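Structure record follows, encoded as structure tokens.
A quick note: this is a predicted structure, and the numbers were derived from the prediction, not measured.
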Amino acid sequence: MRGLLVQSALFLMPLIPPVLTMRLLAEEQKLGTLELLLTAPVRDYEVVIAKFLASFAILSTTVLLTLFYVLFLVFYSSPDLGPIISGYLGFLLYCSATLAIGLLASSLTSNQIVAAVVGFGIILLFTVIHRVSSILSGTAATILEQLSLTTHFEAFARGVIDTSDIAYYVLITLVFLFITTRSLESRRWR
């Protein structure tokens, strides 16, 4: 299961969340329904949170369908469920961070293809930034390594649940959702 989760985090997460979130706000802007939505009696952050939770429900349902493999493992052998549970927890936290990044990209443009490409670029940057930190040394290397999405996922994949890794994913999710809310609020002044 560790190989499945790590490979999915490295190769699928830069692709799937931007594609899933590219229409959430970009298509609303293109069709002109975003103004209607923003003039409704809901706050901007409520719109952002609702769209984030909807995309997270879809992606987490898709991820949780892979629990079928875990059932096979439990049925035919007796695996240690601790690393499997921590791997799935880390993967869901990873998904939430990448969905928040994709939602921000969707709020920046009215073209859904541009939103997908921008989201892919930002997620890819956060995914491979730890490779750059291996070239550098000192404080810069430490900062870049701590910014990487995959660095914090490795502990979950090994079966270790660290509160600093949980805090990182929650913080990344909240920061990008906050920036998305500010992006929507700035539309009122354009």
Where the side chain of [X] meets the backbone of [Y], is there a donor-acceptor pair that is under 3.5 Å apart?
X      : Y      : result
Thr151 : Glu145 : yes
Glu46  : Arg43  : yes
Ser86  : Phe156 : yes
Thr142 : Gly138 : yes

Using a 4.5 Å cut-off on heavy atoms from C-beta on, say whether the side chain of [Y] contacts that of [X].
X      : Y      : result
Phe176 : Leu103 : no
Val48  : Phe178 : no
Asp44  : Thr180 : no
Phe120 : Pro17  : no
Leu93  : Ile166 : yes
Leu59  : Phe91  : no

Please round to the nearest 0.5 Å and tell me the distance separating atom [atom1] of [X] and atom [atom2] of [Y].
X      : Y      : atom1 : atom2 : value
Lys51  : Arg23  : NZ    : CZ    : 10.0 Å
Leu81  : Leu73  : CG    : CG    : 9.0 Å
Ile122 : Leu108 : CD1   : CG    : 7.0 Å
Phe56  : Cys95  : CZ    : SG    : 7.0 Å
Thr173 : Tyr94  : OG1   : OH    : 12.0 Å
Ser106 : Ile101 : OG    : CD1   : 14.0 Å

Worked verdict on Val132 versus Val128 for side-chain contact (heavy atoms from CB on, under 4.5 Å)
CA-CA 7 Å; Val132 177; Val128 299; over 6 Å; no
Parallel, tilted or perpendicular: which fits the ring planes of Phe68 and Phe72, with parallel below 30° and perpendicular above 60°?
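Aromatic pair Phe68/Phe72 classed perpendicular.
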Using the ring of each side chain (for Trp, its six-membered ring), is Tyr168 parallel, tilted or perpendicular to His152, with breaks at 30° and 60°?
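Answer is parallel, since the angle falls under 30°.
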Dump the intermediate steps for side-chain contact (heavy atoms from CB on, under 4.5 Å) on Glu28 and Leu24, then the final yes or no.
CA-CA 7 Å; Glu28 298 252 4; Leu24 291 180; over 6 Å; no
Residue pair Pro18 / Pro14: nearest heavy atoms and the distance that separates them
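Closest approach of Pro18 to Pro14, heavy atoms only: CG-O, 3.2 Å.
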Restricting to non-hydrogen atoms, name the atom on Lys30 and the atom on Ser110 that form the minimum distance, rounded to 0.1 Å.
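Distance-wise, the nearest heavy atoms are CB-O, 3.4 Å.
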Going only through I, L, V, M, F, W and Y residues with side-chain contacts under 4.5 Å, is there a path from [X] to [Y]?
X      : Y      : value
Val117 : Leu104 : no
Met22  : Val114 : no
Leu174 : Ile172 : yes
Ile49  : Val175 : yes
Val63  : Val70  : yes

Derivation and outcome, side-chain contact (heavy atoms from CB on, under 4.5 Å), residues Leu177 and Tyr45
CA-CA 8 Å; Leu177 289 178; Tyr45 74 88; over 6 Å; no
For a quick check under 3.5 Å, do [X] and [Y] share a side-chain donor-acceptor pair by atom type?
X      : Y      : value
Ser55  : Thr21  : no
Tyr88  : Thr66  : yes
Asp162 : Ser164 : yes

In chain order, what residues pass the ring pair (Phe, Tyr, Trp, His ring centres under 6.0 Å) check against Phe75, with sequence neighbours excluded?
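Scan of Phe75 (ring pair (Phe, Tyr, Trp, His ring centres under 6.0 Å), adjacent residues dropped) gives none.
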Assess the residue pair Tyr169 and Phe153 against the criterion (side-chain contact (heavy atoms from CB on, under 4.5 Å)); give the C-alpha distance rounded to whole Å, side-chain angles, the decisive distance to 0.1 Å, and a yes or no.
CA-CA 9 Å; Tyr169 284 120; Phe153 181 69; 3.2 Å; yes
